[in-house]
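What you see below is based on every heavy atom in this structure, not just the backbone, and it leaves out hydrogens, waters and symmetry mates. Computed from a prediction, not measured in an experiment: that's the story for all the values here. Counting begins at 1 with the first residue of the sequence. Ligands are counted one by one from 1 in listed order, and the atoms in each one are counted from 1 as well.
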Amino acid sequence: MPRTIKILDTTLRDGEQSPGCSMKPAEKLEVARALERLRVDIIEAGFPASSPGDKDAVAAVTGQIKDCAVAALCRCRDSDIYAAWDALRNAAAPRLHVFLATSDLHMEKKLRMTRKQVLDSAADAVRYARKYCTDVQFSAEDATRSDRDFLCRVFEAAIAAGAATVNIADTVGYALPEELSALVRYVFENCKGIEGVTVAVHPHNDLGMATANALAGVSAGAGQAEVTLCGIGERAGNASLEETVMGLRTRQNALDASCRVETRHIYRSARLLQSIIGLQVQPNKPIIGKNAFAHEAGIHQHGVMADRLTYEIISPESVGIPQREMVLGKHSGRRAFEETVKSLGFTLDEGELQTVFNAFKALADKKKAVTDSDIEALIKDSGREAEGYYRLESFVINSGNTIDGTAILKLTVGQPAAESGQEASPLSPDALDSESSVTLVAFGDGPVDAAFKAVNSLAGEFTLKSYSLNAITDGGDALGEALVRIENGKGQYTGRGVSTDIIEASIKAYLNAVNKSL
Ligand code: KIV
Ligand code: ZN
């Protein structure tokens, strides 16, 4: 019987804290629900002491998630631990996750603490966390560059103080797979009390080895792997959930390990995250990239037609890649539409369904065949557009190769009443004291630049860091998806917009990003 490995997903903490990946509380909740559907074992929902917003988001996730443990991160400080507990207290299965660096480099240069101080502080923090919560995880930051014996002493102290999980973090993605498995083995052999707790591994991807390291850790006996959807995270990211889980599933016999994740929800969950943070993964990204199951070479196509196993080690169905595209048109009724929405795995309430149905009808007027991918895009887009502080009403563009681009934008500005629950507040620079319409005009280097400048003239100075346009489906009438990343000196924000008109998609994406910055 293979060992069952716990999957801790930290998309909402380690992933979310990386530039351009921030999410609004409602978006975090959506991702948390997808993770629960995936059946990860633990959702790390955030770092409550880092900001009141993060604390509220953790509390919101905690209140909704029933089938997974929910963890919150804290430094070895009583105030952090209390803030995390305060956010977690209503969780069905709360976990307090305390961490402290154990490498000489981090202790000397960053913490300015001696080994003795780190040892005591780790034990004190775990002991304090145990006052509130029976499930406490201790993570050694930069464990893979730490003195092995000192690491073991810190783990022993944490275990003696009540930690149920100790985590080996490869914080800077430095370890080679064989080094990580050797370290896991060393910890098992040299740490008192280790047999009674779970050993976790937390790989980062700086050398592109995060998944290999997660699996190497598991093969050496680790009982928990820490991952993020699409591998998002600091710098080059974390071990990706989809790769680690499919590695476990596909090589279960070799690893003698498996996990409880429902792999058929992987693709949809990854798509949801991508649409929320405006991420476009590379086409050759394993499992979820556009080309991950595409066979181009004649020999390969021939082989796959004869028997898929010749060139496919994973079936697209096993990760939930839709195999058929159902096509709806302008004569399709609400019933058929509702069935398609359900078959795509979305649960919408009456109001949401009506909003998306209206958007579908508008799209069907412009586009002969509306596919599953189009409908998925509309669902992901609809709520977001209606919620933002700045919303596009209409636009007129004038452009040509001998003139400057000109954009005239009409925006609705103000918090939608349903969202704010109160009278709208003046967030815009020039004190718009209620929801109002504003017309903006700007010139630019082409129509998109002009439109973005028009938004900046009201919302503030944002610099465009990246911009891309993709067709969601094939054909000249395809829905276009624009992704932007902007910066304003306080942070980077990503936005996504969808329309059959690429300028409209671009303006929506820009407004989506600006709205996130508020
Ligand atoms: O990478 C890291 O060290 C972390 C810890 C907080 C576990 O994310
Ligand atoms: Zn990390």
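With a 4.0 Å heavy-atom cut-off, ligand 1 is reached by no atom of His106. Residue His204 touches ligand 1 through its side chain alone, judged by heavy-atom distances below 4.0 Å. Heavy atoms of Thr171 found under 4.0 angstrom from ligand 1 belong to the backbone as well as the side chain.
Atom 4 (C) of ligand 1 has as its closest protein heavy atom His202 NE2, 3.4 Å.
Counting all heavy atoms, side chain and backbone alike, Thr4 lies closest to Cys259 at CG2-CA, 4.2 Å. Nearest heavy-atom pair, Ala83 versus Pro48, reported as atom, atom and distance to 0.1 Å: O-CB, 3.8 Å.
Atoms of ligand 1 lying under 4.0 Å from at least one heavy atom of Phe99, given by number and element, are 6 (C). Close contacts of ligand 1 with Asp14, meaning ligand atoms under 4.0 Å from a residue heavy atom, involve 8 (O).
Between Tyr132 and Tyr82, the ring center distance clears the sub-6.0 Å criterion.
At a 4.0 Å cut-off, at least one heavy atom of Arg13 sits close enough to ligand 1 to count as contact.
Tested against Thr263, the residues Glu242, Arg249, Glu317 include a single side chain to side chain donor-acceptor pair (under 3.5 Å) partner, Arg249.
Among the heteroatoms counted here (N, O or S) of Asp14, OD2 is the one nearest to the Zn ion (ligand 2).
Look at Arg95 and Asp135 and you find a salt bridge, because one of the NZ, NE, NH1 or NH2 atoms lies within 4.0 Å of a carboxylate O, short of that distance. Salt bridge status for Glu36 with Arg33: absent, with no side-chain N to carboxylate O gap under 4.0 Å.
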